[in-house]
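Note that these values count all heavy atoms, side chains included, but never hydrogens, waters or copies made by symmetry.
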Amino acid sequence: MKNSSNFSIKNSLTVSLFASALFFLASCEKEVIPAPSGINVNGNTEKATASNGASQAEQVQFAAASDAASQSVHKSFDMIVIDHHAARSYGPDYSVTVRGDGYVTFEGRRNVSVLGKKVWKLDEEKFSAIKRIFEASDFAHIEDNLSLIAGVPIVYTSYAASAYSRQVTLFDYNKTDPAKLIFLRLKAEDILDIYEYVSYM
């Protein structure tokens, strides 16, 4: 009698589990597998879409926008920065920045003829020239082994070949050393024609 009762309970549990499993499977939503691009499964003329729901035209447009954004970031970095600090002197105190897109920003702080910011776009010839002299300079290997002297005018020159390369900063006291750095900096400022903004006296 006891065995019969146990068998009946086991059967009930098995049936109950089986019914629950069937109910669960029936309640699950069917996974919709998209048709390959260009295949019409419903007899309608539907626009072929990618698995993310975007049309091929939209995908091309999105890729073009992403590429444009990437180029914009690449071009908008600070390629060259020349920063003059007059310290306690009456020397010109200003900075000039050349971006990867060819725009130049001059910022006069004091002892210059133009105070504040001035922005302009370099023509292609000047932009190519300034890029060329920095690319040929082996800038990262120029030696600037100078001792820092407080209260003396100093010039910092920074250069990054691209938005993804490390910016290197060197300095000089606008005297004789390091000669290669000073020559490069003076040549760059000559190409940029900034002396009309700097001339103070």
Side-chain angles (χ1 to χ4, degrees), residues 60-87 89-150 152-201:
V60 169
Q61 191 176 14
F62 177 76
S66 296
D67 188 48
S70 175
Q71 288 180 6
S72 176
V73 167
H74 182 71
K75 289 181 176 180
S76 64
F77 73 102
D78 290 348
M79 183 172 69
I80 300 161
V81 181
I82 301 172
D83 197 0
H84 291 253
H85 292 268
S89 77
Y90 290 102
D93 198 297
Y94 67 93
S95 70
V96 59
T97 302
V98 181
R99 294 192 332 186
D101 56 6
Y103 277 92
V104 180
T105 302
F106 172 86
E107 183 175 7
R109 293 183 290 256
R110 63 189 177 96
N111 305 336
V112 291
S113 57
V114 176
L115 293 172
K117 286 187 179 180
K118 181 172 177 60
V119 179
W120 69 95
K121 178 86 181 274
L122 280 177
D123 63 49
E124 198 58 44
E125 186 180 341
K126 287 185 176 182
F127 186 52
S128 296
I130 200 166
K131 278 204 308 186
R132 196 163 48 246
I133 64 168
F134 270 84
E135 284 167 0
S137 70
D138 195 18
F139 190 83
H141 295 99
I142 295 175
E143 299 278 343
D144 67 341
N145 300 324
L146 302 171
S147 301
L148 283 169
I149 306 170
V152 173
I154 191 169
V155 185
Y156 294 97
T157 305
S158 303
Y159 172 64
S162 75
Y164 311 108
S165 59
R166 184 175 64 92
Q167 189 177 64
V168 176
T169 301
L170 306 175
F171 75 94
D172 68 85
Y173 292 113
N174 203 16
K175 297 195 183 299
T176 55
D177 290 318
K180 190 174 181 180
L181 174 61
I182 293 172
F183 173 80
L184 180 66
R185 177 172 57 73
L186 292 175
K187 183 68 177 170
E189 292 191 320
D190 186 46
I191 292 170
L192 293 171
D193 292 323
I194 61 164
Y195 297 110
E196 60 182 290
Y197 308 123
V198 174
S199 299
Y200 175 64
M201 301 299 186

Task: Over all atoms of both residues, closest heavy-atom pair of Ser199 and Ser113 - done: O-CB, 2.8 Å

Open item on the list: Working to the nearest 0.5 angstrom, can you tell me the gap between Tyr197 OH and Trp120 CH2?
Closed with: 4.5 Å

TODO: Ignoring hydrogens and angles, tell me if any N or O in the side chain of Thr105 forms a donor-acceptor pair with the backbone of Val119 under 3.5 Å.
DONE: no

Task: Under the salt bridge (Lys or Arg N to Asp or Glu O under 4.0 Å) test, residues paired with Arg132 that sit two or more places apart - done: none

- [ ] With sequence neighbours excluded, tell me which residues meet salt bridge (Lys or Arg N to Asp or Glu O under 4.0 Å) with Asp93.
- [x] Arg109, Arg110

Task: 4.5 Å side-chain heavy-atom contact, Val114 and Glu196 - done: no

- [ ] With rounding to the nearest 0.5 Å, note down the distance linking OG in Ser76 to CZ in Arg99.
- [x] 6.0 Å

Task: Pairwise side-chain contact, Leu170 with Val168, heavy-atom cut-off 4.5 Å (strictly under) - done: yes

Open item on the list: Measuring only between side-chain heavy atoms, which start at C-beta, is Ile80 closer than 4.5 Å to Thr97?
Closed with: no

Which atom pairs, one a donor and one an acceptor, fall under 3.5 Å between side chains of residues 139-148 and the rest of the protein, sequence neighbours left out?
unit_1	atom_1	unit_2	atom_2	d
His141	ND1	Asp138	OD1	2.8
His141	ND1	Asp138	OD2	3.4
Glu143	OE1	Asn145	ND2	2.8
Asp144	OD2	Phe171	N	3.2

Task: Residues that Lys126 engages under side chain to side chain contact (heavy atoms under 4.5 Å, CB included), provided they are two or more places apart - done: Leu122, Asp123, Ile191, Asp193

- [ ] Report the residues that fulfil side-chain hydrogen bond (donor to acceptor under 3.5 Å, both in side chains) with Ser128, sequence neighbours left out, ordered by chain and then residue number.
- [x] none

TODO: Compare every heavy atom of Ile133 with every heavy atom of Ala188, then report the nearest pair and how far apart it is.
DONE: N-CD1, 4.0 Å

- [ ] Could you pull out all residues at least two apart from Lys175 that satisfy side chain to side chain contact (heavy atoms under 4.5 Å, CB included)?
- [x] Tyr173

Open item on the list: Checking Tyr195 now: which residues fulfil ring-ring contact (aromatic ring centres under 6.0 Å, His included) with it, not counting sequence neighbours?
Closed with: none

- [ ] To the nearest 0.5 angstrom, please state how far the OG atom of Ser162 sits from the CE atom of Met79.
- [x] 11.0 Å

Open item on the list: Are Phe106 and Tyr94, when compared by the centres of their aromatic rings, separated by less than 6.0 Å?
Closed with: yes

Open item on the list: Donor-acceptor pair, distance only, cut-off 3.5 Å: does the side chain of Ser165 make one with the backbone of Ala160?
Closed with: no

TODO: Take Leu192 and Val96 through the test side-chain contact (heavy atoms from CB on, under 4.5 Å) and record every step on the way to the result.
DONE: CA-CA 9 Å; Leu192 293 171; Val96 59; 3.8 Å; yes

Open item on the list: Please enumerate all residues that pass side-chain hydrogen bond (donor to acceptor under 3.5 Å, both in side chains) together with Tyr159, with sequence neighbours excluded.
Closed with: none

TODO: Using salt bridge (Lys or Arg N to Asp or Glu O under 4.0 Å) as the criterion, list what pairs up with Lys118, not counting sequence neighbours.
DONE: none

Show which side-chain atoms of residues 176-184 pair as donor or acceptor with protein atoms under 3.5 Å away, not counting sequence neighbours.
unit_1	atom_1	unit_2	atom_2	d
Lys180	NZ	Ser137	O	3.1

Open item on the list: How long is the straight-line distance from CG of Asp83 back to OG of Ser158, given to the nearest 0.5 Å?
Closed with: 8.0 Å

- [ ] Let me see the working for His84 and Tyr156 under ring-ring contact (aromatic ring centres under 6.0 Å, His included), right down to the final yes or no.
- [x] CA-CA 7 Å; His84 291 253; Tyr156 294 97; over 10 Å; no

Task: Sequence-distant partners of Lys187, side-chain hydrogen bond (donor to acceptor under 3.5 Å, both in side chains), two or more places apart - done: none

Task: Heavy-atom check, side chain of Asp78 versus side chain of Gln167, under 4.5 Å - done: yes

Task: All side chain to side chain contact (heavy atoms under 4.5 Å, CB included) counterparts of Asn174, not counting sequence neighbours - done: Val155, Asp172, Arg185

Task: Nearest non-hydrogen partners of Ala87 and Pro153, listed with the distance - done: CB-N, 3.8 Å

